[in-house]
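Below is one structure, written out as C-alpha cells; comments come after it.
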Amino acid sequence: MDIEDLKESHVCLTEKALPEKDVSTFIERLKEREPYSMDLINHRVALEPDEALEMLHKEDEVLKRLKEERAKVLKEMEKLSKSRKGARTYGSQFPFPPMPVFFDKTK
C-alpha cells in the first residue's frame with residue numbers, strides 16, 4: 001500500500017467514524033483505522049499543510065467525541081455506584097435506617 005492510499009484510508013475511516021450515533025460502532029471504526037495511523041507514523045509521512053490542518057481538525061473532533069463519551073460513562077458509573085450503595089444500605093433484612101438514641105444509657 002502506498003503512502004497516498006494510507007492517508008486516504010485513514011481520512012476515510014475517520015470520516016466514517018465521526019457521524020456515527022452508536023458508540024460501539026464509533027469505537028470500532030476508530031479501531032479499524034489504528035493500523036493506518038501507525039503506518040503513517042512509522043513511515044514518517046510528510047503532509048501538505050492543508051492536509052495536516054484537515055487531519056488535525058478531524059483528530060480534534062474525535063478527541064472531543066471521546067471525551068464526551070468518557071464523561072457519559074463516568075456519570076453512569078457514579079449513578080450505578082450510588083444506587084448500589086443505597087441497595088446495600090436498605091436491604092430486605094434491615095429496611096429502615098437505625099433509629100437515633102434519645103436517651104443516655106451511661107447512667
Side-chain angles (χ1 to χ4, degrees):
M1 184 177 278
D2 70 338
I3 301 300
E4 289 302 316
D5 288 341
L6 277 176
K7 289 192 284 190
E8 185 178 329
S9 298
H10 182 270
V11 169
C12 181
L13 285 170
T14 304
E15 288 174 352
K16 283 183 182 178
L18 283 171
E20 284 295 332
K21 300 291 182 202
D22 183 39
V23 178
S24 59
T25 308
F26 172 68
I27 299 296
E28 286 300 317
R29 293 265 165 84
L30 292 180
K31 287 166 62 176
E32 286 175 23
R33 79 181 190 138
E34 185 177 1
Y36 300 107
S37 301
M38 296 311 296
D39 284 345
L40 287 172
I41 292 169
N42 291 336
H43 289 98
R44 298 180 188 256
V45 175
L47 300 171
E48 296 295 320
D50 58 332
E51 284 179 323
L53 286 174
E54 181 183 340
M55 290 176 86
L56 181 62
H57 177 69
K58 293 207 184 304
E59 290 304 312
D60 283 341
E61 290 179 25
V62 167
L63 185 59
K64 181 180 173 186
R65 172 91 185 266
L66 287 171
K67 284 181 180 180
E68 289 171 0
E69 295 302 330
R70 179 179 178 265
K72 288 178 189 175
V73 168
L74 290 175
K75 186 185 288 186
E76 185 66 24
M77 286 173 60
E78 182 180 352
K79 182 177 141 188
L80 289 172
S81 173
K82 286 180 180 179
S83 68
R84 189 168 180 186
K85 284 180 189 175
R88 265 190 271 145
T89 303
Y90 300 106
S92 61
Q93 192 175 19
F94 300 105
F96 302 107
M99 293 296 291
V101 178
F102 292 106
F103 51 91
D104 187 13
K105 290 184 176 181
T106 58
K107 294 182 182 178

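This structure is a prediction, so every number in the text was calculated from the model and none was measured. All values below come from the heavy atoms of this structure, side chains included, with hydrogens, waters and symmetry mates left out.
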Please give the remaining members of the hydrophobic cluster of L30, linking ILVMFWY side chains under 4.5 Å, ordered by chain and number. L18, V23, F26, I27, V62, L66
Mind checking salt bridge (charged side-chain N to carboxylate O under 4.0 Å, His left out) for K64 and listing every partner two or more places apart, or none if nothing turns up? none
Can you name the salt bridge (charged side-chain N to carboxylate O under 4.0 Å, His left out) partners of E54, sequence neighbours left out? none
Can you list, by chain and residue number, the hydrophobic cluster partners of L56 when the side-chain cut-off is 4.5 Å? none
Hey, mind stepping through E28 and K31 against salt bridge (charged side-chain N to carboxylate O under 4.0 Å, His left out) and telling me if it holds? CA-CA 5 Å; E28 286 300 317; K31 287 166 62 176; 3.5 Å; yes
Counterpart residues, side chain to side chain donor-acceptor pair (under 3.5 Å), relative to E4 (two or more places apart): K7
Excluding I41, membership of its hydrophobic cluster (Ile, Leu, Val, Met, Phe, Trp, Tyr; side-chain heavy atoms within less than 4.5 Å) reads M38
side-chain contact (heavy atoms from CB on, under 4.5 Å) with H43: which residues, sequence neighbours excluded? I3, L6, D39, V45
E34 atom CD, neighbour heavy-atom count above 12 within 6.0 Å: no
Quick one: side chain to side chain donor-acceptor pair (under 3.5 Å) partners of D60, sequence neighbours excluded? none
If you round to the nearest 0.5 Å, how far is CG of L63 from CD of E61? 11.0 Å
Side-chain heavy atoms nearer than 4.5 Å, only ILVMFWY residues, links allowed to pass through others: does that put L53 and M55 together? no
Any side-chain hydrogen bond (donor to acceptor under 3.5 Å, both in side chains) pairs touching residues 12-21, not counting sequence neighbours? T14-R33, E20-R29
Should the heavy atoms of other residues, nucleotides or ligands under 6.0 Å from CD of E8 be counted, would the total exceed 12? no
If the condition is side chain to side chain donor-acceptor pair (under 3.5 Å), which residues does E69 pass it with, not counting sequence neighbours? R65
With sequence neighbours left out, write down each residue that passes side chain to side chain donor-acceptor pair (under 3.5 Å) with E78, or none if nothing qualifies. K82
Using atom types as modelled and distance alone, determine if a side-chain donor or acceptor of S81 lies under 3.5 Å from a backbone N or O of M77. no
